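For reference, the structure is listed below as structure tokens.
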Amino acid sequence: MTQHWGRAFTLSDLPLAELCGARLDGQVFQVADSWCVIDEIDGCSNRALAASQLVPPRAIAEQFTAAWIYGVTPEPRRHQFCVLIGARTTSLWSPRVRVREIVRTPDDVRTISGVRVTTPLRTAVDLARYTPTSMAPFNLTALLARLLHYGEFPDVSAAVSLCKRGSPAHGTVAVARFAAVSVALSALRQQSEPGSTI
């Protein structure tokens with residue numbers, strides 16, 4: 001098997017049977033619909049590159065996909081991407097993807113290994129605004145705290161401020177959710193301080 005260091009394998013590189021055989025032999029591991037060489041680090045870069053194989057290049061990873069890329073939640077069953085309004089995306093590369101058209105500012109997006117991903121702050125706010133309680137089989141408060149901690153935010157004030165822009169209905173729900181995040185974020189900060197015994 002030829003090794004392509006620093007990038008994910010797809011079905012364009014090797015047949016599915018060979019990739020599955022390599023996985024069974026312990027040579028690769030699966031990330032999204034791609035496979036990485038086993039001694040590659042399963043980090044933000046590989047997850048971003050693997051996610052980018054699912055969609056056209058103009059798509060921006062968001063919500064649970066962005067949180068997964070940052071390493072703060074498991075890979076979602078269905079990946080979430082957005083495109084800027086007017087991008088007119090109709091074709092999908094994978095049935096495991098949901099794409100929506102939205103408005104984003106440059107401050108809402110960062111690039112990881114050439115892949116556009118919503119920032120930890122924007123990701124946290126979007127999850128707080130749009131995740132129905134019934135669709136959160138985990139502790140959403142803890143996830144929001146992990147995203148803000150990853151983004152090195154000392155408190156929830158930036159998130160609350162961003163929540164108040166846009167739709168008032170969604171903003172009110174999000175602000176209420178962030179009220180519960182303060183304690184979890186404070187606990188994460190204490191755990192990460194040097195010499196912490198928590």
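If you're wondering where the values come from, they're calculated on a predicted model, not measured in any experiment.
Counting heavy atoms from C-beta outward, Ile60 and Val117 have side chains that stay 4.5 Å or more apart. Phe178 is not listed as a side-chain neighbour of Thr141, based on a closest heavy-atom distance of 4.5 Å or more. Under the 4.5 Å side-chain criterion, counting only non-hydrogen atoms from C-beta, Arg189 is in contact with His149. Counting heavy atoms from C-beta on, the side chains of Thr65 and Pro76 come closer than 4.5 Å.
Hydrophobic cluster membership is shared by Trp68 and Leu140, with clusters built from Ile, Leu, Val, Met, Phe, Trp and Tyr side chains linked at under 4.5 angstrom. A continuous path of ILVMFWY side-chain contacts below 4.5 Å connects Leu185 to Val175, so both sit in one hydrophobic cluster. By the rule that hydrophobic residues join a cluster once side-chain heavy atoms approach within less than 4.5 Å of another member, Leu127 and Ile102 end up as members of separate clusters.
A distance of 8.5 Å separates CG of Asn139 from CG of Leu143, quoted to the nearest 0.5 Å.
Ser186 contributes no side-chain N or O that, together with a main-chain N or O of Ser182, makes up a donor-acceptor pair within less than 3.5 Å. Although no hydrogens or angles enter the test, the distance criterion places no donor-acceptor pair under 3.5 Å between the side chain of Thr111 and the main chain of Gly114. A donor-acceptor distance shorter than 3.5 angstrom exists from the side chain of Arg116 to the backbone of Arg58, with no hydrogens or angles considered.
Cation-pi check for Arg78 over Phe64 is not met; the charged atom does not lie both under 6.0 angstrom from the ring centroid and within 45 degrees of its normal.
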Identify all side-chain donor-acceptor contacts of residues 152-165 below 3.5 Å with residues at least two apart in sequence or on another chain.
from	atom 1	to	atom 2	distance (Å)
Asp155	OD1	Ser157	N	3.0
Asp155	OD1	Ser157	OG	2.6

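The two residues Phe81 and Ala51 make their nearest non-hydrogen contact at CZ-O, 3.4 Å. Taking all atoms of both residues into account, the shortest heavy-atom contact from Ala128 to Leu144 is CB-CD1, 3.9 Å. When all heavy atoms of Thr73 and Ala67 are compared, the pair lying nearest together is CG2-CB, 3.5 Å. Here the closest non-hydrogen pair linking Ser113 and Leu49 is O-CD2, 3.5 Å. In terms of heavy-atom proximity, Arg129 sits nearest to Gly171 at NH2-N, 4.1 Å.
The side-chain hydrogen bond (donor to acceptor under 3.5 Å, both in side chains) check on Arg110 picks up nothing, with sequence neighbours excluded. Remark: Ala48 engages Ile69, Ile112, Val115 in a side chain to side chain contact (heavy atoms under 4.5 Å, CB included) (not counting sequence neighbours). Residues satisfying the side-chain hydrogen bond (donor to acceptor under 3.5 Å, both in side chains) test with Thr105, not counting sequence neighbours, are Asp108. Evaluation of the side-chain hydrogen bond (donor to acceptor under 3.5 Å, both in side chains) rule for Thr172 yields no partner, not counting sequence neighbours.
Put simply, the residue from Leu84, Ile85, Val83 that forms a side chain to side chain contact (heavy atoms under 4.5 Å, CB included) with Arg104 is Leu84. Checking Gln80, Arg100, His79 one by one against Glu62, the side chain to side chain donor-acceptor pair (under 3.5 Å) holds for a single residue, Arg100.
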Item checked: From CA spacing to verdict: side-chain contact (heavy atoms from CB on, under 4.5 Å), Gln63, Thr123 -> CA-CA 5 Å; Gln63 297 189 42; Thr123 302; 5.5 Å; no
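Using the six-membered ring where Trp is involved, Tyr130 and His170 have ring planes that are perpendicular, over 60° apart on the 30 and 60° scheme.
Sorted by first and then second residue, the salt bridge (Lys or Arg N to Asp or Glu O under 4.0 Å) pairs involving residues 43-57 (not counting sequence neighbours) are Asp42-Arg47.
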